[in-house]
Amino acid sequence: MGIKGLNAIISEHVPSAIRKSDIKSFFGRKVAIDASMSLYQFLIAVRQQDGGQLTNEAGETTSHLMGMFYRTLRMIDNGIKPCYVFDGKPPDLKSHELTKRSSRRVETEKKLAEATTELEKMKQERRLVKVSKEHNEEAQKLLGLMGIPYIIAPTEAEAQCAELAKKGKVYAAASEDMDTLCYRTPFLLRHLTFSETKKEPIHEIDTELVLRGLDLTIEQFVDLCIMLGCDYCESIRGVGPVTALKLIKTHGSIEKIVEFIESGESNNTKWKIPEDWPYKQARMLFLDPEVIDGNEINLKWSPPKEKELIEYLCDDKKFSEERVKSGISRLKKGLKSGIQGRLDGFFQVVPKTKEQLAAAAKRAQENKKLNKNKNKVTKGRR
DNA sequence: ACCGTCC
DNA sequence: TCGTCTGGCACAAGACGGT
DNA sequence: TGTGCCCGACGAC
């Protein structure tokens, strides 16, 4: 998943589109999160000494529930209201990529069988991690009991996250995945979760600023991303990030670039356009993805179902009752203090007038100052 | 900031 | 020679709480 | 699975 090297391009050409800030500056915000991606990370990372996953007595995996529970609590503690979005059916174009992945799986399984050392076995085992239907359903059950809203997307979760942000149902999409920008989410938050414990600050990427900074339309930006390399199709062999940007700037679209290369005017023999290249379909998947209209979605954060939560996590999954109870009170507290939260619908309409842009710039300035002051305060205390 | 533990 | 792409490799991916 | 880093290959200048 993702767009190869896009982060590097933005960091280099439009660093001003990435605002770096503290988790505190998102207090009162709602965000949409790709649930399946989170579950995958938890399944890989939440392990014990011997490399095995956390389980209950029956041997059922609990790593994903553990991760989901505590990460969500952490966000609630910080006044952030998460909404999780689960993947639906992958689009047909992705099947190439998916068959590639499954053939890699077969090889990994072989290696696992051949592995001699425990260490080697552990490594290969992690590569085999896959988010199952059961993992997803268990996570959904947990979220339901916690009173956290979730959505099952028709196809790509990233696209649905962006849709929620575009319609003002949430402030931003939170993801490590750069292709969320292709769906034109107003804001993309990277490193949202581990920012407090780790050194990386939260990166807030403003899609409109990226487009303006690169001086590309959204269509051209998507074409650039396809050339950089996405999940849906191949890219032009011999064209890396530098050339891709140059080409899109001078020719304006992949159609024109293909024309240019095939005409031989480029004096370049090394560039190889893929045969039967479905770039037009890939482009449409980004520009017009299948999503549930954000206007039809009503996100609600409800009080946790205490008794059932304890039954599920403690009785069934063997979580510490003390910790779960403390989690429940954190949930209740966090939801109370938020009350109405902040207004996330500010950027509802995509086209902006000059006045709106000026106002947005002013707000950004003020936020910056605010963050600086906050940092000073916290530093002073320590 | 480390490091063992969570389940 | 410089710039750019490719392919090889290693590495790490959570959160909590006590010290 | 992706990301950065180092490397050699290969055109461009």
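Chain A is the first sequence line, chain B the second, and so forth, proteins listed ahead of strands; every chain is numbered from 1.
Residue His191(A) contributes atom NE2, which lies 10 Å from atom P of dT3(D) at whole-angstrom precision. Residue Arg190(A) contributes atom CZ, which lies 12 Å from atom P of dG2(D) at whole-angstrom precision. Rounded to an integer number of Å, the gap from Asp34(A) CG to dT1(D) P is 16 Å. The separation between Gln41(A) atom CD and dA13(C) atom P is 11 Å, rounded to whole Å. Computed from coordinates, the Phe42(A) CZ to dA12(C) P distance equals 19 Å when rounded to whole Å. Rounded to whole angstrom, the span from the CG atom of Asp231(A) across to the P atom of dG2(D) amounts to 7 Å. Put simply, CG on Leu39(A) is 16 Å from P on dT1(D), counting in whole angstrom units. In this structure, the CH2 atom of Trp271(A) is 18 Å from the P atom of dC10(D), given to the nearest Å.
Classification of Glu204(A) and Lys20(A) as a salt-bridged pair fails, no side-chain N sitting under 4.0 Å from a carboxylate O. One finds no salt bridge joining Glu163(A) and Lys169(A) here, because no Lys/Arg side-chain nitrogen approaches an Asp/Glu carboxylate oxygen to under 4.0 Å.
The salt bridge (charged side-chain N to carboxylate O under 4.0 Å, His left out) search around Glu308(A) returns none, not counting sequence neighbours. With sequence neighbours excluded, the residues satisfying side chain to side chain donor-acceptor pair (under 3.5 Å) with Ser263(A) are Glu265(A). Asn7(A) pairs by the side chain to side chain contact (heavy atoms under 4.5 Å, CB included) definition with Ser11(A), Met178(A), Arg190(A), not counting sequence neighbours. In this structure Phe319(A) satisfies the ring-ring contact (aromatic ring centres under 6.0 Å, His included) test with no other residue, sequence neighbours excluded. Under the side chain to side chain donor-acceptor pair (under 3.5 Å) criterion, Arg330(A) pairs with Asp77(A), sequence neighbours left out. Annotation: side chain to side chain donor-acceptor pair (under 3.5 Å) contacts of Asp223(A) (sequence neighbours excluded): Arg283(A). Residues passing the side chain to side chain donor-acceptor pair (under 3.5 Å) test with Glu262(A): none are found, sequence neighbours excluded.
Pair assignment for dA13(C) gives none, since no Watson-Crick or G-U wobble pairing has each distance under 3.5 Å. If you check dT6(C) for Watson-Crick or wobble pairing at under 3.5 angstrom, you find it has no partner at all.
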Could you go through nucleotides 5-7 of chain B and list every protein N or O atom that sits under 3.5 Å from one of its N or O atoms, giving the distance for each pair?
unit_1: dC6(B); atom_1: N4; unit_2: Arg47(A); atom_2: O; d: 2.7
unit_1: dC7(B); atom_1: OP1; unit_2: Ser320(A); atom_2: N; d: 2.7
unit_1: dC7(B); atom_1: O3'; unit_2: Thr62(A); atom_2: OG1; d: 3.0
unit_1: dC7(B); atom_1: O3'; unit_2: Lys317(A); atom_2: O; d: 2.5
unit_1: dC7(B); atom_1: O2; unit_2: Thr55(A); atom_2: N; d: 3.1
unit_1: dC7(B); atom_1: O2; unit_2: Thr55(A); atom_2: O; d: 3.4
unit_1: dC7(B); atom_1: N3; unit_2: Gln48(A); atom_2: OE1; d: 3.1

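With P as the reference atom, dC11(C) and dT5(B) are 26 Å apart, rounded to whole Å. Nucleotides dA9(D) and dG8(C) are separated by 13 Å at their P atoms, to the nearest Å. A gap of 41 Å separates the C1' atoms of dG7(C) and dC7(B), to the nearest Å. Annotation: dG2(D) and dC16(C) have their C1' atoms spaced 27 Å apart (nearest Å). Between dA13(C) and dC2(B), the distance separating the two P atoms is 13 Å to the nearest Å.
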Sequence-aligned protein contact record of nucleotides 2-7 of chain C, with B where the base is within under 4.0 Å of a protein heavy atom and S where only the sugar-phosphate is: --SSSS
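When the side-chain nitrogen and oxygen atoms of Arg74(A) are compared with OP1 and OP2 of dA15(C), none of them lie within a distance under 4.0 Å.
Judged by a 6.0 Å distance limit and a 45° cone about the ring axis, Lys130(A) is not positioned over the six-membered ring of Tyr40(A).
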